[in-house]
Visitor: 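Structure below; questions to follow.
Since we're looking at a predicted model, the values are computed, not measured.
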Amino acid sequence: MRQFSSMLNGLARSLRGKNSGNDDGREAAEAMAKDAKRNDLILRSSGSVNVNGSNNFASVFSKRGRKGVNQDCAIVWEEFGCQADMLFCGIFDGHGPWGHFVAKEVRESMPSSLLCNWQETLAQASLDPDTDLESDKKQHRFHIWKHSYLKTCAAVDHELEQHRKIDSFYSGTTALTIVRQGDLIYVANIGDSRAVLATTSDDGNLVPVQLTVDFKPNLPQEAERIIQCKGRVFCLHDEPGVHRVWLPDEESPGLAMSRAFGDYCIKGYGLISVPEVTQRHITSRDEFVVLATDGVWDVVSNQEAIQIVSSTPDKAKAAKQLVESAVRAWKKKRKGIAMDDISAICLFFHSSSPLE
């Protein structure tokens with residue numbers, strides 16, 4: 001933890017010397033992103049990321065559905081913020097006419113903004129005489145990450161609304177991201193993508209642990225907020241069971257999730273871009289985590305997903321295997337329904353080799 005404390009002190013010194021610390025910090029974070037891209041530490045397409053000496057191995061795959069352009073996108077950033085023990089990954093599911101542009105914009109802006117806010121929050125915490133960072137490191141780290149995520153998502157949504165080249169009034173995106181820092185992972189979710197952990201039970205079986213909530217409009221706390229804000233939640237006659245969010249006096253926009261970036265036409269009526277942020281301590285029992293858009297989870301169960309991934313010999317192909325399994329399941333279970341875009345990230349915790 002000595003390294004953690006020295007990093008705090010260094011960040012604190014840099015913050016003291018800056019009047020416009022946030023602007024400088026954002027520029028520094030963006031410079032780190034460019035440097036990471038040059039060193040092949042960032043993946044923004046289907047493929048895999050494996051850095052020598054890292055405990056992480058990430059597999060990514062995305063397939064366009066039958067609705068037009070692929071509006072899903074993803075990112076994996078190893079050595080996030082130039083920290084050897086940190087990784088950032090995220091999956092984004094756009095919707096609406098400009099959804100693919102919105103998803104990519106959030107993918108590009110969110111990591112750098114989060115890194116900047118995390119560094120600033122760390123530095124401020126180290127300057128606060130009432131904060132004892134050594135007393136409960138795990139809890140303090142979580143609060144720092146949660147605060148950083150909340151601040152980041154508010155800023156990203158605000159910047160998106162002001163964007164001159166992207167019209168997100170009737171378009172938006174979900175965002176499911178994970179930061180791994182040592183043996184802790186921090187999960188932030190906006191929308192209906194899902195993170196599922198594969199862990200070994202006491203009897204030796206691999207079992208799924210769902211780490212996120214699918215933020216659908218019919219969840220009691222979500223529906224209550226939407227209705228209090230004068231929005232409406234109901235299913236169309238030809239879509240029984242698919243609850244959507246509607247404006248008070250129009251059958252529009254009909255969003256199938258209750259949280260998203262963008263979608264400013266309904267932001268005042270209960271749709272929010274506030275993430276649920278949680279943490280989990282990774283142990284030797286935890287094998288991998290799957291992040292996937294709803295195109296996977298609409299047709300594949302949590303248990304099926306971890307079985308597909310764990311039975312793929314080549315870890316580099318794990319995400320592709322899961323996505324292709326979901327494509328086959330769509331054809332069997334959803335005949336006559338246009339297949340959604342389907343994307344997944346498989347993040348393995350303990351292996352730096354694609355083959356075991």
Side-chain angles (χ1 to χ4, degrees), residues 43 46-51 54-63 72 74-78 80 85-91 93 174 176-189 191-214 276-329 342-356:
L43 177 69
S46 296
S48 60
V49 180
N50 179 215
V51 176
S54 172
N55 288 326
N56 305 304
F57 185 93
S59 170
V60 182
F61 195 78
S62 182
K63 187 173 182 66
D72 288 358
I75 184 171
V76 178
W77 181 348
E78 263 279 24
F80 185 51
D85 70 336
M86 277 173 48
L87 173 142
F88 175 92
C89 62
I91 203 157
D93 182 356
T174 65
L176 169 59
T177 67
I178 282 181
V179 171
R180 180 179 184 185
Q181 185 178 31
D183 58 0
L184 291 168
I185 59 170
Y186 305 93
V187 186
N189 186 37
D192 57 359
S193 294
R194 185 187 302 171
V196 175
L197 177 78
T199 191
T200 307
S201 64
D202 290 338
D203 58 9
N205 292 319
L206 200 63
V207 295
V209 177
Q210 187 168 323
L211 300 179
T212 54
V213 173
D214 300 346
E276 179 186 60
V277 184
T278 57
Q279 72 173 345
R280 183 178 176 94
H281 180 255
I282 298 301
T283 72
S284 58
R285 287 190 171 195
D286 301 325
E287 297 291 327
F288 57 84
V289 64
V290 175
L291 287 73
T293 57
D294 63 332
V296 169
W297 308 115
D298 283 346
V299 292
V300 175
S301 71
N302 293 352
Q303 183 66 46
E304 288 169 339
I306 66 165
Q307 286 175 339
I308 292 164
V309 172
S310 65
S311 63
T312 304
D314 185 352
K315 286 181 168 62
K317 295 179 180 176
K320 182 178 181 181
Q321 192 68 36
L322 176 58
V323 168
E324 290 182 342
S325 296
V327 170
R328 290 192 292 271
I342 302 177
S343 304
I345 299 173
C346 302
L347 176 62
F348 297 89
F349 294 130
H350 306 296
S351 174
S352 58
S353 171
L355 291 169
E356 288 189 345

Visitor: With the side chain counted from C-beta on, respond yes when F288 and S310 share a heavy-atom pair under 4.5 Å apart, and no when they do not.
Guide: yes
Visitor: Excluding sequence neighbours, so at least two apart, what forms side chain to side chain donor-acceptor pair (under 3.5 Å) with T283?
Guide: none
Visitor: Could you pull out all residues at least two apart from D192 that satisfy salt bridge (charged side-chain N to carboxylate O under 4.0 Å, His left out)?
Guide: K216
Visitor: Using side chain to side chain donor-acceptor pair (under 3.5 Å) as the criterion, list what pairs up with T174, not counting sequence neighbours.
Guide: none
Visitor: According to side-chain contact (heavy atoms from CB on, under 4.5 Å), who are the partners of D183, at least two apart in sequence or on a separate chain?
Guide: H281
Visitor: Donor-acceptor check, side chain of R194 to backbone of N302, threshold 3.5 angstrom: yes or no?
Guide: no
Visitor: Mind running side-chain contact (heavy atoms from CB on, under 4.5 Å) on L206 and Q307 for me, showing each step along the way?
Guide: CA-CA 8 Å; L206 200 63; Q307 286 175 339; over 6 Å; no
Visitor: Using the side-chain contact (heavy atoms from CB on, under 4.5 Å) definition, which of the options V187, V76, L87 pairs with I178?
Guide: V187
Visitor: Could you tell me whether the side chain of S59 and the main chain of A316 form a donor-acceptor pair under 3.5 Å?
Guide: yes
Visitor: Only counting residues at least two apart or in another chain, list the ones meeting side-chain contact (heavy atoms from CB on, under 4.5 Å) with S311.
Guide: none
Visitor: Looking at residues at least two apart in the chain, or sitting in another chain, which of them share a ring pair (Phe, Tyr, Trp, His ring centres under 6.0 Å) with F80?
Guide: W77, F88
Visitor: Which atom pair, heavy atoms only, marks the closest approach of T278 to L211?
Guide: OG1-O, 3.9 Å
Visitor: Quick one: does NZ or CZ of K315 land under 6.0 Å from the six-membered ring centre of F348, within 45 degrees of the ring axis?
Guide: yes
Visitor: What residues form a side chain to side chain donor-acceptor pair (under 3.5 Å) with R280, not counting sequence neighbours?
Guide: none
Visitor: Excluding sequence neighbours, so at least two apart, what forms salt bridge (charged side-chain N to carboxylate O under 4.0 Å, His left out) with R285?
Guide: D202
Visitor: Using side chain to side chain donor-acceptor pair (under 3.5 Å) as the criterion, list what pairs up with D294, not counting sequence neighbours.
Guide: none
Visitor: Could you pull out all residues at least two apart from Q279 that satisfy side-chain contact (heavy atoms from CB on, under 4.5 Å)?
Guide: K138, Q139, F142, L184, Y186
Visitor: Please determine, by modelled atom types, if D93 and S193 share a side-chain donor-acceptor pair under 3.5 angstrom.
Guide: no
Visitor: If you compare all heavy atoms of A195 against all heavy atoms of L176, which two are closest, and at what distance to 0.1 Å?
Guide: N-CD2, 3.7 Å
Visitor: Distance-only, no hydrogens or angles: does the T293 side chain make a donor-acceptor pair with backbone N or O of I342 under 3.5 Å?
Guide: no
Visitor: The criterion is side-chain contact (heavy atoms from CB on, under 4.5 Å); which residues satisfy it with A74, sequence neighbours excluded?
Guide: V60, I91, I345
Visitor: What I'd like to find out is whether the side chain of N205 reaches to under 4.5 Å of the side chain of S201, using heavy atoms alone.
Guide: yes
Visitor: Show me the donor-acceptor pairs, under 3.5 Å and distance only, between side chains in residues 317-324 and residues at least two apart or in other chains.
Guide:
none

